[in-house]
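First the proteins, then the strands, lettered A, B, ... as listed; each starts at 1. Both backbone and side-chain heavy atoms feed into the values below; hydrogens, waters and symmetry mates do not.
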2 protein chains.
Amino acid sequence: MKIDELDRKILMHLQQDSKKTNKEISNDLGLSVTAVYERIRKLEKAGIISKYVAVLAPEKIEKGFMVLCQVKLIQHKKDFLHKFEKEVAHLPEVTECLHVSGDYDYILKVLVKDMDAYREFMVTKLTNLDHIGSTTSIFTINKVKETTVINL
Amino acid sequence: MKIDELDRKILMHLQQDSKKTNKEISNDLGLSVTAVYERIRKLEKAGIISKYVAVLAPEKIEKGFMVLCQVKLIQHKKDFLHKFEKEVAHLPEVTECLHVSGDYDYILKVLVKDMDAYREFMVTKLTNLDHIGSTTSIFTINKVKETTVINL
DNA sequence: GCTGAAAGAACCGGTGT
DNA sequence: ACACCGGTTCTTTCAGC
């Protein structure tokens, strides 16, 4: 699907605040409410808009401690990678797991309450997974920027 | 604000799909629509729900190339950090910027179309910022897991 | 793409526990 | 403080142009 300037503007609106009504958006674009409605439907059907979610404030629900955990596996056989990926995806503390280039195989984003909770996570969950070689933890001192908005 | 089991369930619903109606949620919880409505309002007022957003599929809008860029500054005077943070926050390609512990000062999440676009970003934007020492790029081979849902 | 109307959700009193 | 009912207002949704 090809998207034009109007679609782009609609997407920027919804990425920033999906509670905006079609009326508000239509006012901004100079279109009718229905036109906006139909464009959004198309963008949803095309999978360009993949979902609508509520974003929570981590620090208000005791998940203000963010750690990036670099993981190296012992071996890199397909089965090992696959098993690790499946298991790590099921850990609720892990909000992101990327298979990456460089010195490590994976980078995990881990959200927990504090250092104690992180230690607990490492000891009882992560280092219990099979095939893990080494890990290095990078602690977040400050979130300078954090957005779900993709520039169009 | 203290949140109870019902609040937690509401938050899990909305984190996964904010288009769910209060009616659907109330059915699941065995509450009235109004009760759900009032709880959600409280969670919003308390800032626990910080916003509602549409999530796009990066690969469908030519932003399927994700790079983590580790940045070291030359000096660490407060002014230098501050200036760097301000400038980097304005770059639309950067969706995340974390001040971190370890060998590097910052880790940036950069979303672009492809390697060409990344090179362009590095050459014309990032390495043009003041006080940058060294950078290391970590390329994403595969997104194993990526979610905005925080487990409660 | 638009208009206009039907369907449905959010929202807001007032009330009871 | 918490939950409920019932009605009003606003949005989404759709038929017809």
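You can see that DNA chain C meets the heavy atoms of chain B within a 4.0 Å-exclusive cut from C:dA9 to C:dC12, reading 5' to 3'.
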Practice task
Determine, step by step, whether A:Glu44 and A:Tyr52 satisfy the side-chain hydrogen bond (donor to acceptor under 3.5 Å, both in side chains) criterion, reporting the C-alpha distance in whole Å, the side-chain angles of both residues, the deciding distance to 0.1 Å, and the verdict.
Solution key: CA-CA 10 Å; A:Glu44 289 168 353; A:Tyr52 297 91; 2.6 Å; yes
Practice task
Could you check B:Val100 against B:Asp105 for side-chain contact (heavy atoms from CB on, under 4.5 Å), going step by step and ending with a plain yes or no?
Solution key: CA-CA 6 Å; B:Val100 294; B:Asp105 296 316; over 6 Å; no
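Heavy-atom contacts from other residues, nucleotides or ligands closer than 6.0 Å to NZ of A:Lys42 number 12 or fewer.
Test B:Thr127, B:Val88, B:Leu108 against B:Val71 for side chain to side chain contact (heavy atoms under 4.5 Å, CB included) and you get one pass: B:Leu108.
Residues from residues 9-23 of chain B placing a heavy atom under 4.0 Å of any atom in DNA chain C, listed by number, are B:Thr21, B:Asn22. For DNA chain C, the residues of residues 25-43 of chain A within the heavy-atom distance limit of 4.0 Å (strictly under) are A:Leu31, A:Ser32, A:Thr34, A:Ala35, A:Arg39, sorted by number.
At a threshold of 4.0 Å, the pair B:Glu24-B:Lys19 does not count as salt-bridged, since none of the basic side-chain nitrogens sits closer than that to a carboxylate oxygen. B:Arg8 has a carboxylate O that lies under 4.0 Å from a charged side-chain N of B:Glu5, or vice versa, which qualifies the two as a salt bridge. A salt bridge is absent between A:Lys9 and A:Asp4: the closest approach of a Lys/Arg side-chain nitrogen to an acidic carboxylate oxygen does not fall below 4.0 angstrom.
Considering only heavy atoms from C-beta on, A:Phe139 comes within 4.5 Å of A:Met115 through its side chain. Under the 4.5 Å side-chain criterion, counting only non-hydrogen atoms from C-beta, B:Val53 is not in contact with A:Asp17.
A:Phe121 does not carry A:Lys125 over the face of its six-membered ring by the limits of under 6.0 Å from the centre and within 45° of the normal.
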